[in-house]
Amino acid sequence: MVWDFDYTSVNSIKTLLNGSGLYMNRKFGQNFLINRNALNRIMSEAQVKAGMKVWEVGPGIGALTTRLVNAGADVKAFEIDRGFCAILKEKVFVNEKNFTLIEGDVLKNWESEYRNNGAPDLVCANLPYNIGSVFIARLIEERCLPPRMVFTLQKEVVRRMCGEVGSELYGSFSILTSLDYANREAFLLKSTSFWPAPDVDSAVIVMEKREKRIVNEDDVKKYIDFLHVVFSARRKTLLNNLKAGGYSAERVERALEKNMMNPAVRAEALSAGELYSLMKTLCE
Ligand code: SAM
């Protein structure tokens with residue numbers, strides 16, 4: 001790779017974009033990471049090794065992508081912005097065999113990439129805020145489980161993913177994203193680390209696949225559906241949510257009793273394991 005570009009200089013970015021007749025689009029959550037220290041820390045959390053298969057969502061003009069490719073990774077990058085795609089293909093990664101661009105909406109394209117070539121070793125991305133949580137949830141629901149994922153996300157989303165049982169941030173997304181992964185907030189990023197600066201603060205999360213799992217693989221899809229039901233209305237009791245989901249009150253009360261759970265308990269007061277045990281009793 002011979003592309004030499006200072007991704008931390010807003011002037012250089014503006015010159016490149018202006019020269020190509022491009023502009024930043026809010027609709028696509030375009031906030032480039034311009035903080036060198038943050039880019040270095042993300043790379044260190046990513047633990048890239050030569051030959052690793054890496055997916056990146058939203059490479060933009062390549063701030064993270066160039067680092068991943070220079071570290072020897074085989075990168076597949078999903079980018080929706082046709083203008084950025086042109087820069088990546090025609091300027092940044094000309095004849096680069098370790099870079100493949102998948103143009104279009106990642107939510108439409110990732111699944112066929114997964115079906116054809118399997119899960120990557122790593123997903124590393126400064127995710128566009130509008131699709132971040134949906135993308136992560138879809139990977140887990142469809143059982144595409146790379147050993148490691150490192151994401152820059154809205155701080156609140158990271159906090160929900162790390163939320164402990166009983167805390168305000170704990171909910172179905174905390175459980176879903178930690179079914180297979182140990183989640184860790186690596187560091188915070190102020191909005192000034194990005195250009196243009198977003199309205200919210202961000203954080204980097206590291207998701208490391210766990211050996212020990214909470215739910216048996218055969219039960220995972222059923223368990224995810226169960227989570228949707230028990231968390232469907234946050235203020236309602238678990239009993240009422242299950243009744244609204246088609247379970248008879250008598251059956252639920254019996255299952256709660258068998259699990260020594262208070263009939264007025266809410267889902268957010270129960271751990272992933274307790275909810276699993278309740279689901280198993282209900283299915284007996
Ligand atoms: N990786 C670059 C960086 O860190 O500076 C850019 C990150 S920016 C937050 C998000 C990127 O995702 C943008 O390049 C945007 O065009 C792209 N993007 C937004 N929605 C997308 C989608 N649905 N599918 C693929 N890329 C998308």
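In this text, all values refer to a predicted model and were calculated from it rather than measured experimentally. We count ligands from 1, going down the list as the structure has it; atoms in each ligand are counted the same way. Both backbone and side-chain heavy atoms feed into the values below; hydrogens, waters and symmetry mates do not.
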Under 3.5 Å, N/O to N/O: give me all the pairs between ligand 1 and the protein, one per line with atom names and distance.
residue  : atom   : partner : partner atom : Å
ligand 1 : 1 (N)  : G58     : O            : 2.8
ligand 1 : 1 (N)  : P59     : O            : 3.4
ligand 1 : 4 (O)  : N126    : ND2          : 2.9
ligand 1 : 5 (O)  : L33     : N            : 2.9
ligand 1 : 14 (O) : G60     : N            : 3.3
ligand 1 : 14 (O) : E79     : OE1          : 2.7
ligand 1 : 14 (O) : E79     : OE2          : 3.4
ligand 1 : 16 (O) : Q30     : NE2          : 2.8
ligand 1 : 16 (O) : E79     : OE2          : 2.6
ligand 1 : 23 (N) : D105    : OD1          : 2.8
ligand 1 : 24 (N) : V106    : N            : 2.9
ligand 1 : 26 (N) : I80     : N            : 3.3

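Between Y223 and Y276, the gap from one ring centroid to the other is short of 6.0 Å.
Looking at Q47 and M52, their side chains never come closer than 4.5 Å, going by heavy atoms from C-beta outward.
If you take CZ on R266 and CG on N241, they are separated by 9.5 Å, rounding to the nearest 0.5 Å.
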Between side-chain atoms of residues 74-84 and protein atoms elsewhere (two or more places apart, or another chain), which donor-acceptor pairs fall under 3.5 Å?
residue : atom : partner : partner atom : Å
K76     : NZ   : E113    : OE2          : 3.0
E79     : OE1  : G60     : N            : 2.9
E79     : OE2  : D81     : N            : 2.9
D81     : OD1  : G83     : N            : 2.9
D81     : OD1  : F84     : N            : 3.1
D81     : OD2  : Q30     : NE2          : 2.9
R82     : NH1  : E103    : OE1          : 3.1

Indicate every side-chain donor-acceptor pair of residues 249-261 with a distance under 3.5 Å to a residue at least two apart or in another chain.
residue : atom : partner : partner atom : Å
R251    : NE   : L282    : O            : 3.3
R251    : NH2  : L282    : O            : 2.8
K258    : NZ   : E284    : OE1          : 2.9
N259    : OD1  : S277    : OG           : 2.5
N259    : ND2  : A255    : O            : 2.9
N259    : ND2  : T281    : OG1          : 2.9

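Remark: F28 engages no residue in a ring-ring contact (aromatic ring centres under 6.0 Å, His included) (not counting sequence neighbours).
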